[in-house]
Number of protein chains: 2
Amino acid sequence: MTTAHQAPGETRPGGRTARTRRAVLDAVFEELGEDGFATLTMERVAQRSGVHLATLYRRWRSVDKIVCELLTDMSSGVPLPDTGTLPGDLRALAHGIARFYGAARARGLIEAVVAAAARDPQAATALRDFFDERLVLAGAMVVRAVERGELPEDTDPKAVMAALGAPFYYQILIARRPVEPELAESAALAVWAAARAGAYGTRGGGAEDAGAPGRAD
Amino acid sequence: MTTAHQAPGETRPGGRTARTRRAVLDAVFEELGEDGFATLTMERVAQRSGVHLATLYRRWRSVDKIVCELLTDMSSGVPLPDTGTLPGDLRALAHGIARFYGAARARGLIEAVVAAAARDPQAATALRDFFDERLVLAGAMVVRAVERGELPEDTDPKAVMAALGAPFYYQILIARRPVEPELAESAALAVWAAARAGAYGTRGGGAEDAGAPGRAD
């Protein structure tokens with residue numbers, strides 16, 4: 001892919017800038033898949049991408065900035081389904097997330113971005129804003145579900161989407177194990193059952209349910 | 001607390017070693033609360049703890065090693081309840097987690113450990129092992145619940161406990177917002193509803209339920 005972008009003939013400055021960016025992002029993604037973030041340096045990115053070290057520092061300043069740009073670049077990596085039912089949409093999205101994070105380089109990317117955010121407030125803001133936007137977009141499936149009467153009217157779409165994603169980030173960042181399709185099945189079923197029980201209701205309606213924690217102790 | 005440990009009179013080498021460790025861990029925890037991991041350096045730890053920089057490097061080699069040791073030291077920070085019902089236990093544990101991570105320094109600690117794990121395989125192993133152990137210990141409440149007939153017999157205790165913790169780590173590391181008590185209510189109700197629906201069953205029993213994602217699309 002990098003090579004294709006560097007084909008001779010195209011020499012417009014804009015084209016060259018775009019090719020440079022693509023080459024750098026591809027190189028970082030490949031590095032994350034091979035050795036992860038631990039060994040990622042500007043020198044290795046320069047070597048793999050064929051982009052001059054000075055250009056990398058001038059444009060990105062640090063690997064932290066590059067991994068954040070790569071995260072945004074990957075946003076289309078997980079498609080948002082519309083199957084006609086919320087259980088179907090949750091299951092399709094969960095399997096999409098599982099497929100994406102099934103690749104070591106994708107797990108390395110999110111780990112790298114979180115590590116960057118721990119050191120760099122700009123990276124932290126980029127990470128938060130990226131997921132905020134994703135939650136709003138993905139929340140459309142919850143809005144449709146409420147309109148279809150599948151969920152309580154006070155269900156918070158972003159809370160449902162955060163709950164669907166949470167088990168994957170726990171698995172990658174905390175449990176530190178590969179992401180298996182079984183996790184997608186579990187996450188989709190869990191969020192569906194929890195949402196129907198009112199766990200993501202803005203009026204805390206769930207606590208009114210018989211057998212809900214709110215009533216049980 | 002640090003000062004108390006440094007009271008004169010105690011001068012046994014063992015005592016001094018323990019005091020040094022305590023002073024360093026306390027200093028790191030305070031630093032994480034004030035400026036987070038971004039500005040945490042061995043120099044700042046030495047300054048705040050009153051422990052010589054050479055001693056810090058000889059004993060821990062890096063701030064990554066210190067934050068991992070601090071995580072283990074904090075393990076008693078969240079008590080494991082036994083209220084007599086699983087909804088009660090889930091709710092009590094979720095509020096315990098919310099109280100612990102309600103403090104900025106605790107959020108800074110987990111962020112620091114995850115960032116350390118991204119760079120240092122030993123830190124990654126320490127993080128994974130720490131949570132594995134916590135999940136097994138906390139899983140006792142699920143074992144009791146199955147014995148009481150509150151949950152399906154094939155429920156995986158570690159999966160339930162991971163699901164209870166996941167929303168907090170998502171909130172801290174990905175959404176990057178403070179942890180509120182509402183998140184504890186939502187997490188406890190969600191896990192209770194999901195576990196009853198069979199979402200954490202080792203035989204995937206949940207997919208058999210009417211309305212489960214497995215059946216809906």
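Below, read A as the first sequence line, B as the second, and so on, with proteins coming before strands; counting in each chain starts at 1.
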Separation between CG of B/Leu164 and CH2 of B/Trp192, rounded to the nearest 0.5 Å: 13.0 Å
Point-to-point distance, once rounded to the nearest 0.5 Å, from CZ of B/Arg22 to CG of B/Asp26: 4.5 Å
Lys/Arg N to Asp/Glu carboxylate O, B/Glu34 vs B/Arg48, below 4.0 Å: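 Counted as a salt bridge, because a side-chain N and a carboxylate O are separated by less than 4.0 Å.
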Proximal component of A/Ala124, with respect to chain B [non-hydrogen, under 4.5 Å]: both
Chain B contact via A/Leu135 - which portion, at a heavy-atom distance below 4.5 Å: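 The side chain, not the backbone.
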Between [X] and [Y], which heavy-atom pair has the shortest distance, and what is it?
| X | Y | result |
| --- | --- | --- |
| A/Met42 | A/Ile66 | SD-CD1, 3.7 Å |
| B/Leu56 | B/Ala46 | CD1-N, 3.5 Å |
| A/Glu150 | A/Arg196 | O-CG, 4.1 Å |

Between B/Gly36, B/Ala94, B/Ala166, the one whose heavy-atom pairs under 4.5 Å with chain A are most numerous: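 Counting heavy-atom pairs under 4.5 Å, the top option is B/Ala166.
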Exam field: side chain A/Glu153 to backbone A/Val146, donor-acceptor pair closer than 3.5 Å: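 Pair absent, no side-chain N/O of A/Glu153 close to backbone of A/Val146.
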Expected output: side-chain B/Ser186 to main-chain B/Glu182 donor-acceptor under 3.5 Å: no
Tell me, out of [options], who's got the most heavy-atom pairs with chain B below 4.5 Å.
| options | answer |
| --- | --- |
| A/Gly84, A/Ala193, A/Ala195 | A/Ala193 |
| A/Ile174, A/Leu183, A/Leu173 | A/Ile174 |
| A/Ala163, A/Ala175, A/Ala187, A/Ala162 | A/Ala162 |

Residue-level interface, residues 104-111 of chain B with chain A, non-hydrogen cut-off under 4.5 Å: B/Ile110, B/Glu111
Interface residues of residues 113-121 of chain B facing chain A - non-hydrogen atoms under 4.5 Å apart: B/Val114, B/Ala115, B/Ala117, B/Ala118, B/Arg119
Verdict with supporting geometry, A/Leu70 and A/Met74, side-chain contact (heavy atoms from CB on, under 4.5 Å): CA-CA 6 Å; A/Leu70 180 57; A/Met74 288 286 120; 3.9 Å; yes
Step-by-step side-chain contact (heavy atoms from CB on, under 4.5 Å) determination, B/Leu151 to B/Tyr200: CA-CA 10 Å; B/Leu151 290 182; B/Tyr200 313 117; over 6 Å; no
Trace of the side-chain contact (heavy atoms from CB on, under 4.5 Å) decision for A/Tyr57 with A/Leu53: CA-CA 6 Å; A/Tyr57 277 110; A/Leu53 193 58; 3.6 Å; yes
Test ring-ring contact (aromatic ring centres under 6.0 Å, His included) applied to B/Tyr101 and B/Tyr170, B/Tyr169, B/Phe168, the passing residue: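 Going through B/Tyr170, B/Tyr169, B/Phe168 one by one, the ring-ring contact (aromatic ring centres under 6.0 Å, His included) with B/Tyr101 is satisfied by B/Tyr169 alone.
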